[in-house]
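Below: one structure, written as structure tokens.
Quick note on labels: first sequence line is chain A, next is B, and so on, each numbered from 1.
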Amino acid sequence: MSRYNAREVEAKWQSTWQNRNTFETKTDTSKPKYYVLEMFPYPSGNIHIGHVRNYTMGDVVARFKRARGFNVLHPMGWDAFGLPAENAARDKKVHPAEWTYANIANMRKELKSMGLSLDWSKELATCHPGYYGKQQKLFLDFLDKGLVYRKESWVNWDPVDMTVLANEQVIDGKGWRSGALVEKRKLNQWMFRISDYSEELLEGLQTLDRWPERVRLMQENWIGKSSGARVNFKISDRSDHLEIYTTRPDTLYGASFMAVAADHPLTQELAKSNTAIADFVAECHRMGTSEEAIEKAEKKGVDTGLFADHPFIEGKKLPIYVANFVLMEYGTGAIFGCPGHDQRDFDFATKYKLEISRVVAGPGGEEGPLETEPYIGPGKIINSDFLNDLEVEEAKKAAISKLEELGLGSETINYRLRDWGLSRQRYWGCPIPVVHCDKCGTVPEKAENLPIELPEDVTFDKPGNPLDHHPTWKQTKCPSCGADAVRETDTMDTFVDSSWYFARFCSPRADEAVSREDVDYWLPVDQYIGGIEHAILHLLYSRFFSRAMKVTGAVDFEEPFAGLFTQGMVTHETYKSQSGEWLFPQDVITNDAGEPVHIETGEKVIIGGVEKMSKSKKNVVDPAEIIDKFGADAARWFVLSDSPPDRDMEWTDAGATGAWRFKQRLYKFIHENLENAADLNADEPTEFSGEALALRRETHKTLASVTDSIEKLHFNTAIARIYEFMKTLSEFRSTGEDGAWALREAMEVMVSIVGPMMPHLAEELWELLGHTEILADSPWPTVIDELTVDDTVTIAVQVKGKLRGTIEVPKDEDKAKVEAMALAEENVKRFIGDATIRKVIVVPNRIVNIVI
RNA sequence: GCCCCUGUGGCGGAAUUGGUAGACGCGACAGAUUCAAAAUCUGUUGUCCUUAGGGCGUGCCUGUUCGAGUCAGGCCAGGGGCACCA
């Protein structure tokens with residue numbers, strides 16, 4: 001027998017699937033659909049092992065559902081806009097488009113070598129005008145419905161690169177690449193009204209019962225709903241009011257000061273004539289936005305000299321401060337300070353020697369002054385006039401009613417979620433299709449002028465936005481009046497691209513952004529698979545987009561992803577040389593003494609922790625090399641085995657070798673034992689005896705269990721059951737017609753259930769078994785339920801809760817008989833001795849517990 | 001600080017959801033085959049006691065129960081999310 005040659009066999013089946021267009025899918029309302037989607041990759045140049053894990057999982061689901069009779073959509077595309085292409089352009093003098101398309105070509109080739117059941121006819125790239133032009137149409141539709149607006153807002157501005165930075169690109173208050181001190185600047189930014197959908201996005205989470213609980217929780221926290229009150233404090237000796245937001249109206253009697261944000265209109269008004277305030281505002285703007293900077297920043301403020309009138313206490317005046325810990329973006333940008341019952345207010349009051357009074361009694365009824373720390377917990381209200389003796393929650397309600405009565409405030413729901421700023425001062429992104437006209441203002445581009453394509457002749461040697469530098473691109477005519485006008489040079493955040501690609505996949509070449517007929521059939525995505533790192537932004541933005549597209553009539557659903565699965569990372573041991581340099585795993589070998597040494601120098605290697613694969617630590621393995629060495633099937637098998645899919649898995653060579661061994665073993669087994677099996681389509685014998693029947697039982701039990709495991713995405717347990725079944729098969733010895741038939745049945749089931757995970761090997765064996773139809777087009781085998789239940793069961797017998805023996809009894813045996821058999825068991829008798837039996841618990845088919 | 005998740009052999013992990021803890025894989029050990037090795041195959045492998053057999057054992061402590069890895073309460077450790085959010 002020839003050894004299994006993965007390289008040849010895998011190439012053979014990949015071209016068979018391709019030539020037969022096996023995985024091309026059409027909308028067909030007569031069939032049940034199933035949409036499997038893995039998060040599409042950024043075309044960085046090569047696939048990494050995390051992609052292998054992600055796409056293998058999706059592929060198992062896709063192939064499995066296909067075999068189960070579903071019309072499966074399983075597409076692939078490229079999240080192709082983004083900064084790395086511009087960096088490559090600057091550093092390597094290669095155009096972003098050229099760089100990106102070359103990367104796509106290479107990654108496509110690598111993905112194809114994995115044998116994924118993808119419909120490549122639906123491939124799309126977000127950097128292609130055929131995609132981003134439709135995105136511009138969506139943008140115009142959103143604009144028309146008021147879902148997008150332009151607003152001056154504060155951004156992180158890198159003065160060296162002359163660009164806006166996202167929060168995560170600001171490290172310790174400095175630009176991640178330039179290292180320049182980041183400034184807060186006010187810029188005109190395009191914004192999506194996602195915050196209008198806060199409540200809907202929050203409520204929608206309730207319906208997502210096939211999402212991981214923790215992702216829903218993260219989104220819930222991110223949306224950050226809180227309920228409280230808006231209260232108007234009259235500014236003393238002025239006619240206007242200061243509106244604040246609070247979740248603790250019950251502590252109003254503990255108020256000792258007011259604080260407003262540096263960007264609050266009141267502050268800005270005062271800063272014009274008060275240099276102390278103006279200086280402080282400038283200082284706040286310089287303050288870094290990193291977590292660390294915020295953590296360390298002291299609570300500071302400046303007294304404005306103004307006072308506010310307390311809403312409940314006649315004549316009580318509260319000093320108004322500008323404070324660095326009050327954020328303009330949250331609530332109303334102003335607060336009242338209650339130092340007794342809020343940590344920040346306490347810190348602030350301590351620094352500026354403001355009154356700290358207690359209005360909530362402590363858990364033990366303490367009513368004394370708060371000297372070292374505020375009290376945040378529940379309790380009875382004190383020192384608060386009409387609120388006295390109420391519990392915190394009751395007092396909140398009472399305070400709000402009183403405020404409403406006085407016309408000074410009302411109950412309010414507040415959300416942490418802010419609008420999504422989508423403007424980026426970058427070249428390699430989707431141009432925002434609007435025009436700025438001196439006469440008409442900001443005018444949307446005409447739909448027939450779309451796509452507004454990116455110019456090709458751009459330079460990246462100057463800081464700032466290359467689109468803005470382009471000599472002619474932005475010069476245009478106003479779509480409204482026809483006068484000379486300027487194009488918007490901002491491009492869209494790349495999160496926009498990934499917020500609707502799942503819908504475009506249904507009909508990637510349609511004239512409309514999405515074709516209703518197709519999305520109505522395919523969407524929502526039945527199973528979405530990707531990394532937990534997208535738990536908030538990408539998934540929340542996509543959920544918003546679905547709602548927005550529903551408003552424009554493009555789709556008719558709210559939730560884009562009915563099922564979500566977040567897979568774990570792939571980790572690897574780390575290695576360092578004696579001099580402390582990181583080493584690649586392939587440069588580390590084991591010497592004769594069993595020690596890890598460097599392959600070239602022979603120097604002993606220091607083994608470090610198991611960590612997420614990263615280029616900087618060099619603990620990476622290259623999927624292309626793995627596939628070349630072990631074959632795609634073995635790589636797929638290994639990433640699915642051992643670890644539960646939602647947890648991190650460690651890549652080890654031993655594990656990959658193990659997968660390879662199983663592949664060889666199965667191949668060899670079918671080859672060597674096929675002659676003992678019945679012919680394809682041989683008549684089923686009327687009776688099955690001992691061995692043959694036992695094998696059939698195992699076959700159907702395995703089939704049922706593996707089917708269930710795949711359905712639940714528990715690939716590791718499915719594989720464990722297949723290993724057990726392999727063992728059963730190798731031990732099977734039987735002659736006779738029934739044995740031969742049972743063996744064929746077992747082999748067919750084995751090949752079928754291995755199919756979604758090792759598709760090439762399975763096709764090869766399927767063909768060997770004599771089938772003329774390929775496995776990918778063959779149905780999943782059917783479980784015969786009668787064969788999955790045994791006639792007898794092994795029951796554990798406990799004495800006083802400790803296992804003392806087991807008995808074999810017929811299934812569903814009469815309780816009294818089971819009890820008698822249990823009591824007759826030798827070891828059980830020994831443990832009962834002459835003690836009195838107080839009670840016997842019999843759980844049918846499970847356990848007997850004898851209490852003495 | 002707030003919220004959440006996870007702790008099971010040397011390792012990755014199973015456990016029908018309260019019913020025989022450690023399936024399956026890796027590693028290790030022993031044996032078969034081989035001139036030898038690789039590959040392959042067969043066994044053993046939680047721990048302690050000398051075996052039949054038994055004691056102990058799912059991070060720690062308490063509890064509920066005939067029975068707890070699983071439920072409850074309190075700790076400890078590791079990981080993740082959010083964070084001057086009023």
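In this structure, F257(A) has its ring center at least 6.0 angstrom away from the ring center of Y352(A). Residues F630(A) and F638(A) keep their aromatic ring centres 6.0 Å or farther apart.
For Q798(A), the side-chain atoms get nearest to rG19(B) when compared with the rest of rG19(B), rC84(B), rC3(B). Taking the side chain of Y245(A) as heavy atoms from C-beta on, and the options rG19(B), rC85(B), rA86(B), the nearest nucleotide is rA86(B). The side chain of D642(A) approaches rG25(B) more closely than any other nucleotide in the set rC4(B), rA86(B), rG25(B). In this structure, of rC24(B), rC66(B), rC26(B), it is rC24(B) that holds the atom nearest to the side chain of K727(A). Candidate nucleotides rA86(B), rA15(B), rC24(B) were compared by shortest atom distance to the side chain of Y723(A), and rC24(B) ranks first. Nearest nucleotide to the side chain of A720(A), out of rA86(B), rA23(B), rC3(B): rA23(B). Comparing atom distances between the N827(A) side chain and each of rA86(B), rC82(B), rG53(B) picks out rG53(B) as nearest. When distances run from any side-chain atom of F325(A) to the nucleotides rC84(B), rA14(B), rU20(B), the shortest one goes to rC84(B).
Checking the phosphate oxygens (OP1, OP2) of rA14(B), a side-chain nitrogen or oxygen of N716(A) falls inside 4.0 Å. For the pair R830(A) and rG54(B), the criterion of a side-chain N or O lying under 4.0 Å from OP1 or OP2 is met. Checking the phosphate oxygens (OP1, OP2) of rG67(B), no side-chain nitrogen or oxygen of R846(A) falls inside 4.0 Å. Put simply, K802(A) has no side-chain N or O that comes within less than 4.0 Å of OP1 or OP2 on rC66(B). Side-chain N/O atoms of R661(A) include one lying less than 4.0 angstrom from OP1 or OP2 on rC26(B). When the side-chain nitrogen and oxygen atoms of R416(A) are compared with OP1 and OP2 of rC82(B), none of them lie within a distance under 4.0 Å. For R665(A), a side-chain nitrogen or oxygen approaches OP1 or OP2 of rC41(B) to under 4.0 Å.
Rounding to whole angstrom units, NZ of residue K800(A) and C1' of rU65(B) are separated by 16 Å.
Remark: R416(A) CZ is packed, more than 12 non-hydrogen atoms of other residues, nucleotides or ligands lying under 6.0 Å away.
rA32(B) is paired with rU40(B) under the Watson-Crick or G-U wobble criterion, all donor-acceptor distances under 3.5 Å.
A residue-by-residue look at G658(A) and T247(A) shows that G658(A) has its nearest nucleotide of RNA chain B further toward the 5' end. Mapped onto RNA chain B by nearest heavy atom, N221(A) and E329(A) fall at different nucleotides, with N221(A) at the one closer to the 5' end.
Between rG63(B) and rU8(B), the distance separating the two P atoms is 25 Å to the nearest Å.
Side chain to side chain, Y197(A) and E199(A) fail the donor-acceptor criterion of an N or O pair below 3.5 Å. In this model, a donor atom of one side chain and an acceptor atom of the other lie less than 3.5 Å apart for T794(A) and E808(A).
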